[in-house]
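Right, one structure below, let's go through it.
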Amino acid sequence: MKDLPLVPSAAPGTAVAGPGVSGWRERRPVWKRERCNFCRDCLLYCPEGALGLEGDELRINLAFCKGCGICAHECPLQALDMVPEYTGQAGFLA
């Protein structure tokens with residue numbers, strides 16, 4: 001196996017964040033600490049580098065998260081849930 005850098009190729013938080021993605025992101029990840037074994041699969045598979053570990057805490061940078069759900073899908077213990085970004089009345093933005 002080649003010694004390649006983890007996804008993304010840029011260090012997390014160094015890419016340019018465009019206009020807020022929360023305006024069009026439909027779902028966002030929420031971490032369930034009690035289920036997490038810190039396997040780091042979510043960090044490996046996140047295509048945007050929106051996830052990071054700080055000590056024993058998973059940090060989700062919502063400025064970079066696109067809401068794709070790959071992190072939640074790849075988590076073997078289902079420690080990430082994808083929840084609706086907006087829970088208000090359909091068709092209206094706050």
Side-chain angles (χ1 to χ4, degrees):
M1 185 162 144
K2 294 181 181 180
D3 188 23
L4 298 174
L6 295 177
V7 173
S9 58
T14 61
V16 176
V21 295
S22 63
W24 57 263
R25 181 180 51 226
E26 293 184 16
R27 302 178 80 68
R28 63 182 168 82
V30 173
W31 181 49
K32 296 185 286 186
R33 181 184 188 149
E34 67 278 359
R35 297 197 61 125
C36 185
N37 69 352
F38 298 96
C39 69
R40 300 179 186 208
D41 281 358
C42 57
L43 277 70
L44 176 66
Y45 287 102
C46 177
E48 300 298 328
L51 305 175
L53 285 179
E54 290 182 16
D56 62 348
E57 295 286 321
L58 179 71
R59 299 289 182 207
I60 303 170
N61 186 340
L62 294 178
F64 291 95
C65 176
K66 305 298 187 273
C68 66
I70 293 173
C71 57
H73 182 268
E74 294 297 331
C75 180
L77 299 176
Q78 298 175 336
L80 287 160
D81 278 338
M82 295 303 290
V83 300
E85 180 71 31
Y86 177 70
T87 57
Q89 186 176 355
F92 293 94
L93 294 178

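In what follows, every heavy atom counts, from backbone to side chain, and hydrogens, waters and symmetry copies are set aside.
- Checked against salt bridge (Lys or Arg N to Asp or Glu O under 4.0 Å), Arg28 has the following partners two or more places apart in sequence or in another chain: Glu85.
- For the atom pair Phe38 CZ and Leu77 CG, the distance stands at 11.0 Å (nearest 0.5 Å).
- Between Leu58 and Cys42, some side-chain heavy-atom pair lies under the 4.5 Å cut-off.
- Atom CD1 in Ile70 sits 9.5 Å away from atom CE in Met82 (nearest 0.5 Å).
- Across every non-hydrogen atom of Cys75 and Leu80, the tightest pair is SG-N, 4.4 Å.
- Not a single donor-acceptor pair under 3.5 Å links the side chain of Arg25 to the backbone N or O of Gly67.
- Legend: residues meeting salt bridge (Lys or Arg N to Asp or Glu O under 4.0 Å) with Glu57, ordered by chain and number and at least two apart, are Arg33.
- Looking only at side-chain heavy atoms (C-beta outward), Arg27 and Pro84 come within less than 4.5 Å of each other.
- The CZ atom of Arg59 lies 10.0 Å from the CG atom of Leu53; values are rounded to the nearest 0.5 Å.
- Checking side-chain atoms of Asp81 against main-chain N and O of Val83 turns up no donor-acceptor pair under 3.5 Å.
- Taking Gln78 as the reference, nothing meets the side-chain hydrogen bond (donor to acceptor under 3.5 Å, both in side chains) condition, with sequence neighbours excluded.
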